[in-house]
Amino acid sequence: MVSAVFHSPLEGIASTKAEPLSPPAVAPVAMAAVPRPAPLAQVKRGWDLRFLWTAVLPPVLGLVFLIAVWAAVAGTGKSGIPTPLETWKQAIEVFSDPFYRVGPNDQGVGWNVLMSLQRVAIGFGLAAAVGIPAGFAIGRFEFLSRMFNPLISLLRPVSPLAWLPIGLLVFKGANPAAIWTIFICSIWPMIINTAVGVQRVPQDYMNVARVLNLSEWKIFTKILFPAVLPYLLTGVRLAVGTAWLVIVAAEMLTGGVGIGFWIWDEWNNLNVASIIIAIFVIGIVGLVLEFGLIKLATLFTYEEVKS
């Protein structure tokens with residue numbers, strides 16, 4: 001290896017005298033490989049077209065497809081579904097004053113959405129206060145895991161609406177019964193995802209904590225919580241989505257003020273256009289909640305979070 005690197009100076013002088021120096025052959029290749037910079041206008045135009053093609057055009061085409069199918073079904077005249085134009089006119093009327101209040105059962109769509117969000121926030125907050133610590137405990141201690149896994153496996157598949165009569169019986173009121181239903185459907189994703197995150201913490205971390213004789217609080221704050229946070233946020237996303245789905249059905253059954261009750265009330269009035277408007281409102285609110293939680297998850301995890 002040394003002989004391949006170092007040569008005699010005489011050999012270098014002899015080769016220099018024998019052959020004149022010529023420009024290196026690498027330079028033209030390097031110059032040829034460097035692309036000529038494109039004008040700024042062309043770069044912006046190409047980027048805009050690519051952005052339109054990949055990010056703007058697909059959702060627009062999907063929305064156009066939905067409206068076309070909707071118009072085709074409504075155009076038959078036998079389904080009773082209003083056309084997109086009729087629904088748009090009704091939406092303008094509904095959202096011209098979304099926060100009117102005539103009586104306890106006659107309020108604008110804005111008040112109904114806010115009341116549903118309030119129930120979801122209370123039920124989800126109670127579920128987080130109970131489910132997240134329970135998930136940490138179940139994942140941390142094997143005895144608790146063996147104790148509660150059969151109960152979770154038994155109760156988790158039960159439909160959330162099956163718990164609504166129990167809530168009405170115990171709490172003697174529609175509003176706490178709806179909150180109870182949100183609580184019971186939101187707690188399982190947070191318990192399961194948190195426990196799975198704790199169980200997937202590398203054992204080497206726990207061995208180091210044992211060697212350093214760390215307390216349980218130090219283990220929780222310095223090891224478990226940072227490692228489990230992505231799993232915890234995934235459970236939160238699943239719980240919020242489930243809660244927003246369940247509250248609509250629960251309010252249809254319990255009555256009062258809420259987006260679910262508003263749908264049922266409009267059905268009793270045979271106002272199908274308002275029902276379609278409520279469907280879009282529910283979808284938009286759920287989309288905003290999902291987008292907000294995705295942005296929150298990206299702040300606390302290095303992995304890319306996709307919806």
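Looking at heavy atoms from C-beta onward, Thr83 lies out of side-chain contact with Thr87 at the 4.5 angstrom threshold. Side-chain atoms of Phe95 and Ile277, non-hydrogen and from C-beta on, do get closer than 4.5 Å to each other. In this structure the side chain of Tyr231 never reaches within 4.5 angstrom of the side chain of Gln199, judged on heavy atoms. Between Ile138 and Ile152 there is a side-chain heavy-atom pair separated by less than 4.5 Å. In this structure the side chain of Leu296 never reaches within 4.5 angstrom of the side chain of Arg237, judged on heavy atoms. Counting heavy atoms from C-beta on, the side chains of Arg210 and Asn207 come closer than 4.5 Å. Here the side chains of Val248 and Ser116 are not in contact, with every heavy-atom distance at 4.5 Å or above. Taking 4.5 Å as the limit, every side-chain heavy atom of Val113 sits out of range of all side-chain heavy atoms of Ile282.
Across all their heavy atoms, Ala243 and Ser186 have their closest contact at CB-OG, 3.5 Å. Between Pro133 and Ala128, the shortest heavy-atom contact is CD-O, 3.6 Å. Nearest approach of Gly258 to Arg119, heavy atoms of both residues: CA-NH1, 4.0 Å. Gly167 approaches Ala177 most closely through the heavy-atom pair C-CB, 3.7 Å. Ser274 approaches Trp262 most closely through the heavy-atom pair O-CZ3, 3.5 Å. For the residue pair Ala162 and Pro165, the shortest heavy atom distance occurs at O-CD, 3.4 Å.
Note: Ile219 CD1 to Met206 CE = 4.5 Å, rounded to the nearest 0.5 Å. Note that CH2 of Trp244 is 12.5 Å distant from SG of Cys185, once rounded to the nearest 0.5 Å. For the atom pair CD1 of Ile132 and CD1 of Ile187, the computed distance is 10.0 Å after rounding to the nearest 0.5 Å. Remark: Ile275 CD1 to Gln90 CD distance equals 11.0 Å, nearest 0.5 Å. Considering CG of Leu287 and CD of Glu290, their distance stands at 8.0 Å, rounded to 0.5 Å. Note that the CG atom of Asn193 and the OG1 atom of Thr234 stand 6.0 Å from one another [nearest 0.5 Å].
Of the possible donor and acceptor atoms, none in the side chain of Trp163 sits under 3.5 Å from a partner among the backbone N and O of Trp180. Between the side chain of Trp264 and the backbone N or O of Gly260, no donor-acceptor pair lies under 3.5 Å. Side chain of Asn112 to main chain of Gln107: a donor-acceptor pair is present (N/O by atom type, distance under 3.5 Å, no hydrogens or angles). Asn271 contributes no side-chain N or O that, together with a main-chain N or O of Trp267, makes up a donor-acceptor pair within less than 3.5 Å.
With a 6.0 Å radius and a threshold of 12 heavy atoms from other residues, nucleotides or ligands, Phe291 has its CZ atom at or below the threshold. Heavy atoms of other residues, nucleotides or ligands lying less than 6.0 angstrom from NZ of Lys295 number 12 at most. For Phe225, the CZ atom is loosely surrounded, since the number of other residues' heavy atoms within 6.0 Å does not exceed 12. Around the CZ atom of Phe141, the shell of radius 6.0 Å holds more than 12 heavy atoms that belong to other residues, nucleotides or ligands.
The hydrophobic clustering, which links ILVMFWY residues whose side-chain heavy atoms are closer than 4.5 Å, places Val69 and Trp88 apart. Residues Val285 and Ile247 fall within the same hydrophobic cluster, defined by Ile, Leu, Val, Met, Phe, Trp and Tyr side chains chained together at heavy-atom separations under 4.5 Å. Hydrophobic clustering (ILVMFWY, side-chain heavy atoms < 4.5 Å, transitive): Leu117 and Val257 are in distinct clusters. Cluster annotation: Leu224 is connected to Val208 through the hydrophobic network of ILVMFWY side chains, with a link wherever side-chain heavy atoms come within less than 4.5 Å. Tracing side-chain contacts under 4.5 Å through hydrophobic residues (I, L, V, M, F, W, Y), one never reaches Val94 starting from Trp70; they form parts of separate clusters.
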| field | Candidate pair Lys218 and Ile223, rule side chain to side chain contact (heavy atoms under 4.5 Å, CB included), full reasoning | value | CA-CA 8 Å; Lys218 285 288 186 180; Ile223 298 177; over 6 Å; no
| message | Under the criterion side chain to side chain contact (heavy atoms under 4.5 Å, CB included), I'd like the reasoning laid out for Phe124 against Thr242: C-alpha separation, chi angles, the key distance, then a yes or no. | response | CA-CA 10 Å; Phe124 172 80; Thr242 304; over 6 Å; no
| request: Assess whether side chain to side chain contact (heavy atoms under 4.5 Å, CB included) is satisfied between Phe183 and Val130, documenting all intermediate values. | output: CA-CA 10 Å; Phe183 168 83; Val130 175; 4.2 Å; yes
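For the salt bridge (Lys or Arg N to Asp or Glu O under 4.0 Å) condition, no pair includes a residue of residues 177-190, sequence neighbours left out.
With ring centers used as reference points, Phe220 lies under 6.0 Å from Trp217.
Of the listed residues (Leu168, Val246, Ile166), just one forms a side-chain contact (heavy atoms from CB on, under 4.5 Å) with Thr181, and that residue is Val246.
Aromatic ring pairs are classed by plane angle as parallel below 30°, tilted from 30° to 60° and perpendicular above 60°; the pair Phe99 and Trp111 is perpendicular.
With sequence neighbours left out, the side chain to side chain contact (heavy atoms under 4.5 Å, CB included) criterion links Arg146 to Glu142.
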